[in-house]
Amino acid sequence: MANGNGARPTVLSVLDKAVPAWANGMTTADFLARAPRLAGLSTPVLVLDRAAMNDNVAEFARWTAAHGFDLEPHGKTTMAPALWQDQLDAGSTAITVANLPQLQAAVATGFRNLHVANAIADPAGIRWLGEALDADPDLEVTLWADGLGTVDVLDRGLAAATRQPTVLVEMGGPGGRTGARTVDEAVAIGERIAASPRLRLGGVTGYEGAFAHDTSAAALGTVDEYLRTLKDLHSRLRPLYPAGRIVVSAGGSAYFDRVAAILGDIDDARIVVRSGAYIIHDDGFYRGITPSGREADAPRLRSAMHVWARVISRPEPGLALLDVGRRDVSFDEGLPEPQVAAPALGEPARPLEAEISAVNDQHAFLRLPAGDPLAVGDVVRVGLSHPCTVFDKWRVIPVVADDGENPQVVDMISTYF
């Protein structure tokens with residue numbers, strides 16, 4: 001399997017908000033050669049913790065190996081090829097993407113084993129895929145189909161191609177997102193794929209996270225029932241499978257333990273989980289829903305991201321305004337969580353008893369006790385929820401060595417949203 005090239009920025013620029021003004025125009029190599037520290041960055045700044053990411057990657061690799069699963073992590077979480085490469089180096093078998101632009105970005109940055117967890121119906125994009133497959137014998141792409149119309153569009157778009165992409169039948173359910181609504185419908189899709197000379201039927205797939213959003217008994221029961229339906233579809237399609245390795249794929253970042261419980265005894269297919277958020281984790285949604293809190297053998301994950309923001313106003317007692325907002329942080333799965341405060345970046349920090357009540361485009365409303373000494377110019381570290389909607393706000397992100405007081409900046413990574 002050919003891997004990517006990491007795609008780090010070559011030259012740093014103040015056009016990217018994470019880059020300090022003094023580094024404008026420097027190569028990344030020259031910048032890192034100066035051994036910069038957290039204290040040298042400007043606010044607001046998203047910071048990734050290298051030690052936490054390494055631990056998260058190792059923990060998830062341990063868990064998938066223990067269950068005999070393959071991991072094809074969802075790259076949409078970070079859209080950071082440098083981090084995708086870290087995941088491949090730890091044993092992942094492919095990178096998953098969510099749509100055609102992400103697939104093209106992955107191919108352009110050197111990745112050659114890709115899993116598209118979505119339907120592609122754009123004729124020009126399908127023709128591009130056929131040409132890319134014919135031009136590069138090392139490129140392997142797995143697609144999804146959840147309807148006969150999707151299969152027909154793929155079949156027409158690949159009319160001039162000589163190589164077959166693998167296509168998985170996507171199982172859904174009433175009220176869900178994409179995916180066939182019944183097993184009978186899904187079997188008909190599999191039959192259409194198997195009959196096409198331009199497509200290879202490769203197995204079944206789906207996303208259990210579309211049917212639950214918490215860890216209640218009812219939610220977990222819904223997930224389990226969905227996974228049993230996926231298992232039934234796999235059994236029904238066995239007579240249609242061609243020779244070669246077959247895939248049964250499920251498992252986002254919330255319910256991969258249920259995948260192990262329900263699909264773990266399948267012995268005639270590769271079980272592929274697509275968890276993507278684990279490398280970063282968070283201080284919000286995933287902290288509350290990850291199996292780490294449910295299963296003894298689950299990977300022990302910790303948040304590898306936070307934002308440092310600066311106090312720019314103390315307009316009234318009990319209120320501070322920070323220089324961070326919706327353009328910088330996530331707010332779809334909970335507001336940022338204030339953690340510590342310090343007089344400046346890199347200086348000793350103290351715990352902060354406060355909450356963020358709202359975020360505007362460029363401001364966060366920090367509510368704190370009226371007597372708190374937080375002053376204009378002080379900095380606050382905030383924890384974040386849902387890495388998928390944090391990374392898309394930053395084109396270049398500093399990586400620090402660890403969670404120390406004034407850690408060294410050890411990398412700068414690029415994102416491609």
Side-chain angles (χ1 to χ4, degrees), residues 17-22 36-52 280-290 293 301-387 389-391 393-394 397-409:
K17 61 186 175 183
V19 175
W22 60 267
R37 298 265 170 184
L38 174 65
L41 303 179
S42 301
T43 61
V45 60
L46 172 64
V47 174
L48 302 180
D49 179 338
R50 169 53 65 188
I280 303 300
H281 202 49
D282 71 4
D283 284 310
F285 175 70
Y286 287 114
R287 179 180 62 189
I289 203 169
T290 179
L301 307 175
R302 55 194 172 106
S303 181
M305 66 174 179
H306 52 260
V307 161
W308 284 95
R310 196 173 302 274
V311 179
I312 57 172
S313 177
R314 286 298 314 266
E316 60 189 61
L319 175 64
L321 278 299
L322 306 180
D323 64 348
V324 67
R326 295 184 178 204
R327 304 298 174 89
D328 313 299
V329 297
S330 56
F331 52 91
D332 59 317
E333 292 286 1
L335 292 173
E337 174 186 276
Q339 296 174 333
V340 299
L345 288 175
E347 295 193 11
R350 63 179 175 88
L352 188 63
E353 296 294 331
E355 69 173 353
I356 290 176
S357 61
V359 289
N360 295 157
D361 282 357
Q362 315 295 164
H363 298 87
F365 291 74
L366 182 70
R367 307 288 177 177
L368 67 171
D372 191 286
L374 194 69
V376 170
D378 288 358
V379 292
V380 174
R381 191 182 80 179
V382 297
L384 305 169
S385 178
H386 199 199
T389 50
V390 176
F391 273 63
K393 298 170 176 61
W394 299 83
I397 307 175
V399 179
V400 294
D402 51 41
D403 196 28
E405 190 172 280
N406 189 25
Q408 183 176 336
V409 178

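Salt bridge status for Asp403 with Arg381: present, with a side-chain N to carboxylate O gap under 4.0 Å. The pair Lys17-Asp328 meets the salt-bridge criterion, since a charged nitrogen lies less than 4.0 angstrom from a carboxylate oxygen.
Listed for the Arg50 side chain is no donor-acceptor partner under 3.5 Å among the backbone atoms of Val399. The closest donor-acceptor contact from the side chain of Arg314 to the backbone of Val376 lies at 3.5 Å or more, if one exists at all. Formation of a donor-acceptor pair under 3.5 Å by the Asp378 side chain with backbone atoms of Val311 is not found in this model.
Pro336 is not listed as a side-chain neighbour of Val307, based on a closest heavy-atom distance of 4.5 Å or more. Within the 4.5 Å cutoff, the side chain of Asp372 has heavy atoms near those of the Leu352 side chain. Residues Val390 and Ile280 are not in side-chain contact: their nearest non-hydrogen atoms beyond the backbone lie 4.5 Å or more apart. Counting only heavy atoms from C-beta outward, the side chains of Arg350 and Leu374 approach each other to under 4.5 Å. Residues Met305 and Ser303 have side chains in contact (heavy-atom distance under 4.5 Å, counting atoms from C-beta outward). With contacts defined as side-chain heavy-atom distances shorter than 4.5 Å, the pair Glu333/Asp282 does not qualify. Taking 4.5 Å as the limit, some side-chain heavy atom of Phe365 sits within range of a side-chain heavy atom of Asn360. Residues Pro36 and Trp22 have side chains in contact (heavy-atom distance under 4.5 Å, counting atoms from C-beta outward).
In terms of heavy-atom proximity, Arg287 sits nearest to His281 at CA-NE2, 3.8 Å. In terms of heavy-atom proximity, Ser385 sits nearest to Thr389 at O-OG1, 4.5 Å. Nearest heavy atoms, Ile356 versus Leu335: O-CD1, 3.4 Å. Counting all heavy atoms, side chain and backbone alike, Ala401 lies closest to Asp49 at O-OD1, 4.0 Å. Across Pro343 and Pro348, no two heavy atoms sit closer than the pair CD-O, 3.8 Å.
Considering CD1 of Ile312 and NE2 of His363, their distance stands at 4.0 Å, rounded to 0.5 Å. Note that CZ of Arg310 is 5.5 Å distant from CG of Leu345, once rounded to the nearest 0.5 Å. From Ser357, atom OG reaches atom CG of Leu368 across 10.5 Å, with rounding to the nearest 0.5 Å. Taking CG of Leu38 as the start and CD of Gln408 as the end, the distance is 12.0 Å to the nearest 0.5 Å. Note that CH2 of Trp308 is 14.5 Å distant from OG of Ser42, once rounded to the nearest 0.5 Å. Here the CG atom belonging to Asp283 is positioned 5.0 Å from the CD atom belonging to Gln339, to the nearest 0.5 angstrom.
Residue Glu353 qualifies as open at atom CD: its count of foreign heavy atoms under 6.0 Å is 12 or below.
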